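Read the structure below first, then the notes.
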Amino acid sequence: MELVQQLINGISLGSIYALIALGYTMVYGIIKLINFAHGDVFMVGAFVGFYAVTVMGLSFFPALLFAMVVCAIFGVLIERIAYKPLRNATRIAALITAIGVSLFIEYSTVYIRGAQPEAYPADVIPNKSFEIFGVTVNSQSLFILGVSLALMVILQFIVHKTKIGKAMRAVSYDAEAARLMGINVDNTISATFAIGSALAGAAGVIFGIYYVKIDPLMGIIPGLKAFVAAVLGGIGIIPGAMVGGLVLGVVESLVSAVGYSLWRDGVAFVVLILILIFKPYGLFGKNVREKV
């Protein structure tokens, strides 16, 4: 029964990683950039949600939507200001810029509001425990899992059933051919950043409610773990990011359950090393050589 409880906790945590990983994998799929500032968009989302709840007095869903909208706009600004001028630059230049943007966001937040942590109110989502077949289940974990899965389903609908989703897939497949067919590649890339950043903002709010404490440097470790999840599933592949996040969350929870909670952060990077050695294209990736 303890194992089932840990699996539920792991899937809830993994769904948060999956939401962040989706942003990494969508951006990489279109412009082949690892956006290391993505974890900091997650942090901004957590703070926007916190202030929406505590200062503006919003309930969970309005605060979640507000954080998603703010992060979507923020993601587009990052893309237009920092990445668009480097569209034809070398990969290493774009990667260094992404790291620079990440540090800029973190320490700008520290400068503006200070480094002290904040705590989400305990009553944002009712937190009750109940038993199902002898297993104690936390209602908050189920609620978080439900919201995360709903957002993933909406993303799948956008990608496969809408005009902008078709444009994103076309640009991902061949940007030059898409441009010749009349697709506005720049707007499509901005839309990708907006959607990925909105999901990261939602993950920030959910993470804040789940773990209570938030701070300006909170995006570093979850951001890196979400990157591991994206690589685990196959970077650039949306279902892979979802599965990778869920797998990583379950592995972390099981490691904690067997008494190695101090190792839970390290396990993510052990998984990354093993994936790079034995299956470098990820669980869903195709074994093809990419031209650099």
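Quantities reported herein were computed from a predicted structural model and do not represent experimental measurements.
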Answer yes or no: is there an ion pair linking Asp265 with Lys225, defined by an N-O contact shorter than 4.0 Å?
yes

Do [X] and [Y] make a side-chain contact, defined as non-hydrogen atoms from C-beta onward lying under 4.5 Å apart?
X      : Y      : result
Pro222 : Ile16  : no
Tyr211 : Leu13  : yes
Val147 : Phe61  : yes
Arg113 : Tyr51  : yes
Val27  : His38  : no
Tyr210 : Ser141 : yes
Asp215 : Met218 : yes
Ser15  : Leu246 : yes

What distance separates [X] [atom1] from [Y] [atom2], expressed to the nearest 0.5 Å?
X      : Y      : atom1 : atom2 : value
Leu272 : Leu276 : CG    : CG    : 4.5 Å
Leu254 : Leu7   : CG    : CG    : 5.5 Å
Glu79  : Ser190 : CD    : OG    : 4.0 Å
Ile78  : Ser197 : CD1   : OG    : 6.0 Å
Ile275 : Tyr281 : CD1   : OH    : 13.5 Å
Thr192 : Asn35  : OG1   : CG    : 12.0 Å

Could you tell me which residues satisfy side chain to side chain donor-acceptor pair (under 3.5 Å) with Arg169, sequence neighbours excluded, listed by chain and number?
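Testing Arg169 for side chain to side chain donor-acceptor pair (under 3.5 Å), a comparison that skips the adjacent residues, returns none.
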
If we ignore hydrogens and angles and just use 3.5 Å, is the side chain of [X] paired with the main-chain N or O of [Y] as donor and acceptor?
X      : Y      : result
Ser172 : Gly29  : yes
Ser108 : Phe104 : yes
Ser12  : Leu145 : no
Tyr17  : Val228 : no

For the residue pair Tyr24 and Phe36, does the interplanar ring angle fall in the parallel (under 30°), tilted (30 to 60°) or perpendicular (over 60°) class?
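Taking Phe36 first and then Tyr24, their aromatic rings stand perpendicular (interplane angle over 60°).
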
Establish whether [X] and [Y] are linked, either directly or via other cluster members, by ILVMFWY side-chain heavy-atom contacts under 4.5 Å.
X      : Y      : answer
Ile99  : Ile31  : yes
Leu199 : Leu149 : yes
Val69  : Val48  : no
Met152 : Phe157 : no
Val270 : Ile273 : yes

Exactly one candidate in Leu65, Leu64, Ile144, Val124 meets side-chain contact (heavy atoms from CB on, under 4.5 Å) with Val205; the answer is Leu64

With side chain to side chain contact (heavy atoms under 4.5 Å, CB included) as the criterion, how do Arg87 and Ile189 come out once you've worked through the C-alpha distance, each side chain's angles and the decisive distance to 0.1 Å?
CA-CA 11 Å; Arg87 196 84 84 220; Ile189 292 170; 3.7 Å; yes

Determine whether the side chains of Glu106 and Ser102 contain a donor N or O and an acceptor N or O closer than 3.5 Å.
yes

Can you confirm if the NZ or CZ of Lys32 lies within 45° of the ring axis of Tyr28 and under 6.0 Å from the centre of its six-membered ring?
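Yes.
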
To check you understand the geometry: which heavy-atom pair defines the closest contact between [X] and [Y], and what is its length?
X      : Y      : value
Leu155 : Ile195 : CD1-CG2, 3.6 Å
Leu86  : Ala94  : CD1-CA, 4.3 Å
Pro121 : Val53  : CG-CG1, 3.9 Å
Ala167 : Ile183 : CB-CG2, 4.0 Å
Met43  : Pro216 : CE-O, 3.4 Å
Ile20  : Ala203 : CG1-CB, 3.7 Å

How far apart are the C-alpha atoms of Val267 and Arg264, what are their side-chain angles, what is the distance that settles it, and do they pass the side chain to side chain contact (heavy atoms under 4.5 Å, CB included) test?
CA-CA 5 Å; Val267 164; Arg264 61 179 294 164; 5.7 Å; no

Kindly check if the number of other-residue, nucleotide or ligand heavy atoms within 6.0 Å of CZ (Phe47) is above 12?
yes

Quick check: are there more than 12 heavy atoms from other residues, nucleotides or ligands sitting under 6.0 Å from CZ of Phe269?
yes

